[in-house]
Structure formats: structure tokens, C-alpha cells
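First comes the structure, then the notes that go with it.
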Amino acid sequence: MSAKIQDSLKHVVALAKRRGFIYGGSDLYGGFANTYSFGPYGAELKKNVKDLWWKTFVQERRDMVGLDGPILLHPKAWKASGHLDGFNDALIDCKACKGRFRCDHLIEEALEQSAEGLTVEQMTELVQSRKIKCPKCGAQDFTAARNFNLMFHTHMSKTGADGDVAYLRPETAQAIFLDFKNIVDTMRVRIPFGVAQIGKAFRNEITPGNFIFRVIEFEQMEIEYFIRESAWEKTFEEWLKAMHHWCQMIGLKSARIHEKEHPKEQLSHYSKRTVDLVYDFPFGTSELYGLAYRTDFDLKRHAEFSGQTLDYTDPETREKFVPHVIEPTFGVERTLLALLCDAYDEEQLENGEMRTVLHFHPRIAPVKVAVFPLMKKEPLAEKAMHVFKMLQTHWLCEYDESGAIGKRYRRQDELGTPYCITIDFDTLENDTVTLRDRDSMKQERVAISHLVQTLAPKLA
Ligand code: ATP
């Protein structure tokens, strides 16, 4: 990784903290590894992403319904899904410095070759035979690699007995499978149809410190799309297109998004085809979203483990079958990281000054409009407050009356606010304001009575 690229992530991280997007988790207590807090602007950005996703994939489609399932599922569900036995990372410890690493990442970084699909024995062999060194202390003294389950567990009762163990879900998908029958019985849905869910997932991962790329507590926006087996190839292509379209909708640069097909031998136990949408992050091209053909694996396993039938009956032919599933999955934190990296820019202005700006798509920008009185004094301030209150009923707006106008623009540029409005002495004469565009920095005069209709299409 070049120093310049590392630097660009550093700048994004610094801005995210400085401007109230993302703080380190439990900062007050010196931090708590791999947890983050979304500050006021981060929370807005996140909400805008999730609301747009829900609107796009649930509200605006007739073949989708939503679900908000529990984080704690019956422990048997995780046995059925394969997570209890197979949701592992191979970890390896450096005996010298006690550093712990994901063995596949250690191999991939040291040898620049993929370690996917290798057993722990094969990985241990590779680390030893290729004399891989500890990235922390340089020693060549590793333990054997061992599998660690990624699920966090907790206890349901006060006894703490082993039998009371429950797991925090490592993916939202299983809650959808568990409610498949309830939804079919209550919602008059017909195949093909999908169920969408947004919610937290937890994975006890070792992370290499790429900010919020890999965290232990994160949100997923997932869809299980139920189909007949014969339709899987066509449906897979449709969802791949829909995922690219989503990336465009939130304003990610398409040149930075690529498809990565998983080779057959590296597919997860439930998948017959997986394609990742990968993004050119500053630390390398890595998974942003995933699309998997999960076959009928999950429904069949839950039918087997619960002893219930999860057949779907075709309302016309009365034919019974277990549906197959296409799963598009979108990580919220990775979306935010991609958005921040994509939008971040440092630009030289005509007067030689530099400005830092986030070129967010107006659709997802946390603050849509900032309103400034040219000066703090009356009657400018009163007029500006009137404009602010009018716009506030439509969008999240900010009111700022302190400091030079140039400084106030710079502050909003760093937040990615698409439009700024200044109330000046001309406003008092003719009821017009200046509307300043974040990207072009051009200003136009707009009548106050036309502001909402001028802004609405620009912010849609
Ligand atoms: P990776 O290979 O990076 O571990 P994965 O293939 O295990 O990811 P999935 O199980 O397909 O990921 O999870 C679906 C989505 O959830 C991912 O595409 C990603 O956006 C997000 N995601 C997964 N793990 C994490 C994590 N630890 N932190 C943040 N987001 C995550």
C-alpha cells in the first residue's frame, strides 16, 4: 500500500471524527477495539442510506415485503444453518509477541496469493514452509492455525449453564428463513417474492484496522428472494443489475465498482454461485456487497431441524415445492465507508486556498441546506431564521450565523451539504437570496417564494 493511499484513508478518518460522522467506540474509556459510534452526521447519513434502500427495494416494488426479526434466534437455528459448525475463521498466534492474526489474511498479504478454501492444516503448512514472518514483530514463530467460531454468545438465564447459550445473529438472513412460513400464511405473497430486512449482525472478527470496513457489530440490509429453481439464473442477473443501479443511486463512482465471481471451490457451504461487488477502497479492492444463490439449502435445513414443512403451494396448480433463494446483501458500514472515500476531495481554489469537500449525492447527504444571514444583526438574522424555519419542514437544514461567509461555506463543504443560502441586504429589498452550489460553487439568486420548488428536484 503506497503512503499516499494510506494517507487518503487517514484523511477520511480524521474528517469523519472532526466533523461528527464517526467516533471510536468507548473513546471515554480509552477505546474498545473494533467498535465505532456514529455521530450526529454519521447517524443522518446512515439513516438516509437505510431509508433510501427500504424505499427502493420494499416500498417501490410489489414483489417485496419487509421484516424486523429478532437478534436472538432459537439456538437450533444456528445448528441448522451451519453457523455453529462452520462459521469459523482460522486464527494463528505469534508466540513471540502474542499477536493474533487471521491466517488467510496473513498468507494473502505475505505471499500475495489467495488462501480461500484452504484447511487449517494446509494454512499452517504454508506459513511454516514459506517462512512467513509476524507483521507486528518480525519473528517467525507461529502456533498452528486453529478454527474459531465467529458467533458471539450470551446466556438466556441467570444460571449461566451451558444449556442456556444463545447466539447474537451473525447475519440477518436466518430470521427471514424462520419467518418464511408466517409470511406465506399471512401476507398473500406469491412466488417470486422477496423479504427485506435491515438490522444488526455481530461477528467476533480479528480486524486489520481498516476503519469501519470490518467491525464486530454492524448492520446489514438483506433480501431473501424466493423463486422456483428454474428461475435462478435469470433472477441472479436481475439482482446483479439492481445492485449496480443502487450503487449509482447513492452516487458511488461506477469506475470504482467491479464484480468478483467466487470460484466454485471457494463457495460457502450454502451457495451455488456468489458474485461480490467489490469497491476500490484506499487499502485495496475489497467486498462491498454480495449476491449469492443460496439454493433451497436454508429452508430445507430448517424444515429438517424444526420438523415442520416449509413447502410452498402454488395457488393455481397446487404443486408443492421448497423455494430456492437469491440473496443480495448490503453492509451498511461498508456503504458508509465507500461513500466517504468516494466523496472525499481536496481542491485548490482560484485564490490558492485549499478546500476539503465531500461530494455526497444530495439524496444521501446528511444536511441538505445551510442558511446564513450575511451578518448576525437584525433584520438580516430574523429574515434568515424565517427562511430556515420554512425549509426545515422539508429537509434537514442548518442555521449558521458565526464567522466569515467563506468559513461557513468551508464548514458545510466538509459536511457535504449540497446547498447554502445567504440572506443579504438585497434580500431585504426584493425577497431574493443567493443559492450556492457545493460542487460548482456557483451562486444564483432565487426568490424566497421559489426556494422549495427550486430545491426539491435538486435534492431528490
Ligand atoms: P468478508 O469476506 O469481507 O468477511 P463476507 O463475505 O463474510 O465478508 P457476508 O457474510 O456475505 O460477508 O456479509 C454480507 C455483507 O455484510 C458484506 O458484503 C459486507 O458488506 C457486510 N459485512 C460482513 N462482515 C462485516 C464486518 N465484519 N463488518 C462490516 N460489514 C460486514
Side-chain angles (χ1 to χ4, degrees), residues 22 25 33-36 38 42 46 49-50 53 78 81-83 86-91 101-105 107-109 114-118 148-152 168-177 196-224 239-240 243-244 246-247 250 252 257-263 266-279 281 283-294 297-298 325-341:
I22 302 169
N34 306 321
T35 62
Y36 292 89
F38 289 84
K46 219 178 182 196
V49 166
K50 291 192 286 183
W53 188 89
W78 302 114
S81 68
H83 285 84
F87 195 54
N88 301 319
D89 267 351
L91 302 184
F101 306 93
R102 249 180 82 167
C103 201
D104 56 342
H105 289 172
I107 292 170
E108 280 162 13
E109 259 158 48
S114 169
E116 276 189 60
L118 296 183
F148 280 86
N149 196 282
L150 291 174
M151 284 196 291
F152 280 98
L168 304 193
R169 66 184 180 198
E171 61 174 24
T172 55
Q174 295 306 322
I176 300 182
F177 296 123
Q197 183 173 215
I198 300 178
K200 289 258 183 182
F202 303 82
R203 296 183 187 178
N204 199 354
E205 305 214 51
I206 299 270
T207 81
N210 289 328
F211 198 31
I212 56 168
F213 177 79
R214 190 177 298 286
V215 279
I216 55 178
E217 175 185 342
F218 56 100
E219 280 187 277
Q220 293 183 316
M221 306 185 285
E222 286 198 308
I223 293 165
E224 304 305 321
W239 275 108
L240 200 50
M243 293 175 83
H244 279 291
W246 162 257
C247 294
I250 57 173
L252 291 178
I257 293 167
H258 322 275
E259 289 177 12
K260 186 177 157 216
E261 179 93 39
H262 286 214
Q266 290 171 15
L267 289 170
S268 317
H269 59 280
Y270 53 74
S271 175
K272 264 208 179 147
R273 186 181 177 201
T274 298
V275 173
D276 288 342
L277 286 198
V278 296
Y279 177 82
F281 288 102
F283 45 84
T285 302
S286 303
E287 175 175 341
L288 176 62
Y289 302 142
L291 177 64
Y293 169 37
R294 283 182 94 122
F297 175 85
D298 300 272
V325 173
I326 301 289
E327 177 192 75
T329 169
F330 307 68
V332 176
E333 281 70 9
R334 289 195 191 171
T335 306
L336 258 61
L337 183 56
L339 285 171
L340 284 165
C341 295

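One-based numbering, in listed order, for ligands and for the atoms of each. Computed from heavy atoms alone, side chains included, the values below leave out hydrogens, waters and symmetry copies.
Put simply, the side chain of F213 does not reach to within 4.5 Å of the side chain of E333, judged on heavy atoms. Side-chain contact between F87 and E171: absent, with no pair of heavy atoms (C-beta onward) separated by less than 4.5 Å. Residues C103 and L91 are not in side-chain contact: their nearest non-hydrogen atoms beyond the backbone lie 4.5 Å or more apart.
No cation-pi contact links R273 to Y293, judged by a cut-off of 6.0 Å to the six-membered ring centre and 45° from its axis.
When atom types are taken as modelled, the side chain of R169 and the backbone of A201 share no donor-acceptor pair closer than 3.5 angstrom.
Taking a heavy-atom cut-off of under 4.0 Å, ligand 1 is surrounded by R203, E205, F213, R214, V215, F218, Q220, E287, L288, Y289, G290, T329, G331, R334.
Here S271 contributes atom OG and E327 contributes atom CD; the two are 9.0 Å apart, rounded to the nearest 0.5 Å.
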